[in-house]
Number of protein chains: 4
Amino acid sequence: MAVKREIQASVKDERLVEKRRNQMIRGAVSLFKEKGFHRTTTREIARAAGFSIGTLYEYIRTKEDVLFLVCDSIYEQVRKRLSSMDLEEGTLESLKLGIDHYFRIVDEMQDEVLVMYQEAKVLSNEALPYVLKRELEMVGMFEKLIKRCVENGELEISQEHQQLLAHNIFVQGQMWGFRRWALQKTCSIEDYIRLQTDLLFSGIKGFKAQVEVGG
Amino acid sequence: MAVKREIQASVKDERLVEKRRNQMIRGAVSLFKEKGFHRTTTREIARAAGFSIGTLYEYIRTKEDVLFLVCDSIYEQVRKRLSSMDLEEGTLESLKLGIDHYFRIVDEMQDEVLVMYQEAKVLSNEALPYVLKRELEMVGMFEKLIKRCVENGELEISQEHQQLLAHNIFVQGQMWGFRRWALQKTCSIEDYIRLQTDLLFSGIKGFKAQVEVGG
Amino acid sequence: MAVKREIQASVKDERLVEKRRNQMIRGAVSLFKEKGFHRTTTREIARAAGFSIGTLYEYIRTKEDVLFLVCDSIYEQVRKRLSSMDLEEGTLESLKLGIDHYFRIVDEMQDEVLVMYQEAKVLSNEALPYVLKRELEMVGMFEKLIKRCVENGELEISQEHQQLLAHNIFVQGQMWGFRRWALQKTCSIEDYIRLQTDLLFSGIKGFKAQVEVGG
Amino acid sequence: MAVKREIQASVKDERLVEKRRNQMIRGAVSLFKEKGFHRTTTREIARAAGFSIGTLYEYIRTKEDVLFLVCDSIYEQVRKRLSSMDLEEGTLESLKLGIDHYFRIVDEMQDEVLVMYQEAKVLSNEALPYVLKRELEMVGMFEKLIKRCVENGELEISQEHQQLLAHNIFVQGQMWGFRRWALQKTCSIEDYIRLQTDLLFSGIKGFKAQVEVGG
DNA sequence: TATGAATGAGCCTTCATTCAT
DNA sequence: GATGAATGAAGGCTCATTCAT
């Protein structure tokens with residue numbers, strides 16, 4: 001929120017800036033989704049937002065600003081929805097629930113996540129670090145969740161493993177979106193959650209072990 | 001290989017076409033890596049390839065053809081290098097080795113994989129299905145590897161789990177490239193292979209189990 | 001007039017569209033006259049019209065649109081000027097006057113008529129029929145003029161002859177422009193009108209007859 | 001014939017030059033007919049002629065040379081076929097026959113005449129006068145035909161009328177081609193010859209006179 | 001504040017012509 | 001003589017951005 005203000009607007013009325021930028025973001029997301037950032041023109045963004053090209057440029061400085069705003073807004077939404085997780089409980093069950101929650105969010109915001117995922121990289125060297133920071137922030141939430149399990153004695157993995165696990169969870173969420181062409185043909189989000197949870201928790205050997213124990 | 005021929009060239013000499021296209025691909029990959037497909041001009045591609053813009057267009061029809069050629073070439077290289085894996089052995093050890101092998105390939109071809117990964121989506125509706133097919137082909141290799149383990153009694157997981165696991169492995173390879181900004185700061189490829197293998201094979205509970213057993 | 005609107009402009013203000021297109025047409029006619037449609041660049045058209053290339057494309061979609069606009073405008077002008085003819089009188093004198101009138105218009109609009117005449121054929125299959133329709137419309141005016149004479153008993157020729165005669169008159173008008181290199185060397189427009197009228201009205205045998213009668 | 005030699009060829013063997021140029025002309029005519037001079041590429045001409053682009057340029061110096069060759073060849077053909085007319089007889093009948101003959105030639109060579117007619121103007125200032133000269137040469141044949149009638153007392157029209165009449169006949173021949181979209185819908189070449197001859201010989205008043213006399 | 005006409009740099013692509021083999 | 005790969009000037013068109021109203 002504090003960040004949007006970093007993108008300069010000619011218009012002074014902050015409420016108006018907020019409102020116009022939201023219109024803009026909504027329009028842009030659906031356009032970027034359809035044709036990507038580069039194939040979308042500023043005119044199209046303005047039209048989709050419901051105002052003129054002149055007005056658009058009263059609220060941003062360059063086309064790239066729109067992308068930044070879009071990415072920022074999506075991160076913010078995901079983060080906000082994710083923030084209802086209890087990061088502190090420190091049980092495997094809460095971790096499982098966190099994953100379930102995140103995957104469902106990603107499923108619902110599929111288009112947005114996909115857009116951000118595919119277009120964020122075109123952000124300039126000035127804006128990219130900020131976006132990456134936000135991404136790490138979200139990965140950090142999973143790390144926290146995991147670390148609490150370790151602290152709680154529910155899990156015993158090294159810090160390195162914790163970090164990578166957090167990344168894996170984060171990427172597996174995005175993966176549901178960016179590999180939808182393959183995954184979503186045979187699999188519902190429920191299936192996906194169940195299967196990924198199985199693999200994450202039991203691992204390959206875990207399956208084997210279970211069987212052996214059971215046998 | 002048979003595919004490149006589908007992109008029409010004005011020049012008849014196939015050897016020359018092969019040679020020029022390789023020059024073109026080499027140049028294009030490094031440009032796409034640096035600035036992405038859309039920000040790269042055809043003139044730059046020609047210059048990087050070592051010939052004139054006119055010559056470039058003797059070997060392709062549109063700029064998009066270059067991207068297709070690049071993607072196809074990278075897939076082909078990865079596939080070729082991957083083909084030395086023994087898909088039939090059916091032991092956990094061979095699966096582990098396969099992953100090790102694949103991750104090292106991805107590490108060495110990081111730039112290429114990154115490019116393909118980030119730009120493939122801009123391919124038109126005509127070319128995209130082909131690219132996706134090639135991707136599934138590679139995922140299929142991991143599926144095969146896994147399935148043989150199951151057939152061999154080394155692993156006991158459902159077909160759904162097998163498929164998703166193959167996707168996970170494939171994506172985790174790419175992830176080493178596209179999240180290098182986070183992963184490669186603290187982690188060598190050896191570390192990455194070791195850690196991912198641990199997580200894949202033991203799972204979260206597996207660690208716990210080991211500890212409990214050991215304690 | 002209604003037709004120009006069929007060529008899409010990005011600019012909404014219809015008055016402005018009208019004005020800019022007129023600038024465009026004026027510039028284009030003089031360029032097409034000098035070097036033909038194909039050898040004239042869109043940049044040259046823009047410059048001749050007094051605005052930038054970007055602005056040009058705010059008022060048309062393709063270069064061919066300019067040609068269409070030019071042709072349409074010329075037809076419209078000729079038609080408008082021709083419309084002062086009295087098509088109904090039905091005397092040989094009025095026919096003679098009509099021819100006189102038309103030939104003078106063509107003389108004054110020589111460059112325009114020449115341009116249209118030489119370049120209309122490059123219009124695409126979409127636009128050509130419209131242009132031909134307009135041409136037939138003008139031929140139709142002469143047919144009307146002739147037919148009234150017939151109806152009036154001033155003339156007694158078959159419908160086939162009427163039609164062809166109308167075409168002949170129309171083409172002889174254009175001919176004054178497109179064969180100016182030959183005709184206008186020795187002949188003023190007054191001469192041309194007189195001579196063509198003689199030939200049209202008396203025919204070859206007519207002369208003979210007159211002579212014989214007179215002798 | 002002597003003219004073709006004016007267009008320089010690298011190849012010395014004159015027989016070969018003649019042969020290759022004929023191939024070239026044949027191919028070019030059909031291409032120009034289809035898409036016009038400007039939209040036809042030299043490569044297409046070469047291909048249509050049955051040899052390579054390199055070879056094409058062994059026999060011409062510029063693309064425009066091809067057009068010149070084409071125009072020259074067509075004029076030559078028409079002139080040759082026209083030369084069987086008896087220009088000296090000096091009867092109205094022979095004039096009528098001449099027209100008949102010429103119109104039939106134009107009908108048979110419609111495409112060629114159309115091409116030449118529409119594209120000749122793009123010839124450079126160097127080549128154009130030559131083409132116009134050839135055209136006047138042909139008009140001159142009709143003038144001769146007419147003048148002999150006058151000398152013979154079969155016709156009594158001024159020299160000015162004679163010249164214009166010759167032009168009219170010439171243009172009416174071409175008109176059969178370039179207005180085919182209108183004329184040939186309802187009219188065979190026989191009809192056209194008959195109707196035009198009627199109009200030329202009797203004139204408008206002639207019809208009336210005939211009727212009056214006949215009445 | 002809002003508008004939208006104007007701008008022009010820059011992009012992709014074509015094609016006449018050359019020249020080494 | 002024949003070939004065809006190479007060249008690069010030039011053309012049509014787009015679109016981010018500005019600015020007067």
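- Distance CD (Glu44(B)) to P (dG10(E)): 12 Å, rounded to an integer number of Å.
- Take Glu34(D) and apply the salt bridge (Lys or Arg N to Asp or Glu O under 4.0 Å) test, not counting sequence neighbours, and it matches no residue.
- With sequence neighbours left out, the side chain to side chain donor-acceptor pair (under 3.5 Å) criterion links Lys19(A) to no other residue.
- Among residues at least two apart or in separate chains, ring pair (Phe, Tyr, Trp, His ring centres under 6.0 Å) pairs with a member in residues 24-56 of chain A are Phe32(A)-Phe37(A), His38(A)-His38(B).
- Lys12(A) comes within 4.0 angstrom of sugar-phosphate atoms only, judged by non-hydrogen atoms across all strands, and of no base.
- As rounded to whole Å, 8 Å separates atom P of dC12(E) from atom CD1 of Ile45(B).
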Review point. What does nucleotides 12-21 of chain F look like as a protein-contact string, B for base, S for sugar-phosphate only, - for none, at under 4.0 angstrom between heavy atoms?
Key: BBBSBBB---

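- Both key distances under 3.5 Å define a Watson-Crick or G-U pair, and stretches of 3 or more such consecutive pairs in DNA chain F run E:2-21 with F:2-21.
- Here dC12(E) presents its P atom at 13 Å from CG of Leu67(B), a figure rounded to the nearest Å.
- When the options Lys133(A), Arg21(A), Arg134(A) are evaluated for a salt bridge (charged side-chain N to carboxylate O under 4.0 Å, His left out) with Asp72(A), the one that passes is Arg134(A).
- For Tyr75(B), the side chain to side chain donor-acceptor pair (under 3.5 Å) test picks out Glu135(B), with sequence neighbours left out.
- Residue Leu31(C) contributes atom CG, which lies 13 Å from atom P of dG11(F) at whole-angstrom precision.
- The salt bridge (charged side-chain N to carboxylate O under 4.0 Å, His left out) with Glu44(A) is formed by just one residue from the set Arg39(A), Lys63(A), Lys35(A); it is Lys35(A).
- Between Leu16(C) and Arg20(A), the one whose closest nucleotide on DNA chain E sits nearer the 5' end is Arg20(A).
- Note: CD (Glu14(A)) to C1' (dT1(E)) measures 16 Å, nearest angstrom.
- Taking atom OH of residue Tyr59(D) and atom C1' of nucleotide dA2(F), one finds them 8 Å apart after rounding to whole Å.
- Judged by distance alone, with hydrogens and angles left aside, the side-chain atoms of Glu64(D) form a donor-acceptor pair with the main-chain N or O of Ser124(D) at under 3.5 Å.
- Within the 4.0 angstrom heavy-atom criterion, no nucleotide atom of any strand lies near Arg47(D).
- Put simply, NZ on Lys19(B) is 11 Å from C1' on dA5(F), counting in whole angstrom units.
- Aromatic ring pairs are classed by plane angle as parallel below 30°, tilted from 30° to 60° and perpendicular above 60°; the pair Tyr117(D) and Tyr117(C) is perpendicular.
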Practice item. For the pair Arg20(D) and Gln23(D), evaluate side-chain hydrogen bond (donor to acceptor under 3.5 Å, both in side chains) and give the outcome as yes or no after the intermediate values. Key: CA-CA 5 Å; Arg20(D) 292 277 180 258; Gln23(D) 293 177 267; 2.9 Å; yes

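- Summarising the geometry, the separation between CG on Asp65(D) and P on dA16(E) is reported as 13 Å, rounded to the nearest angstrom.
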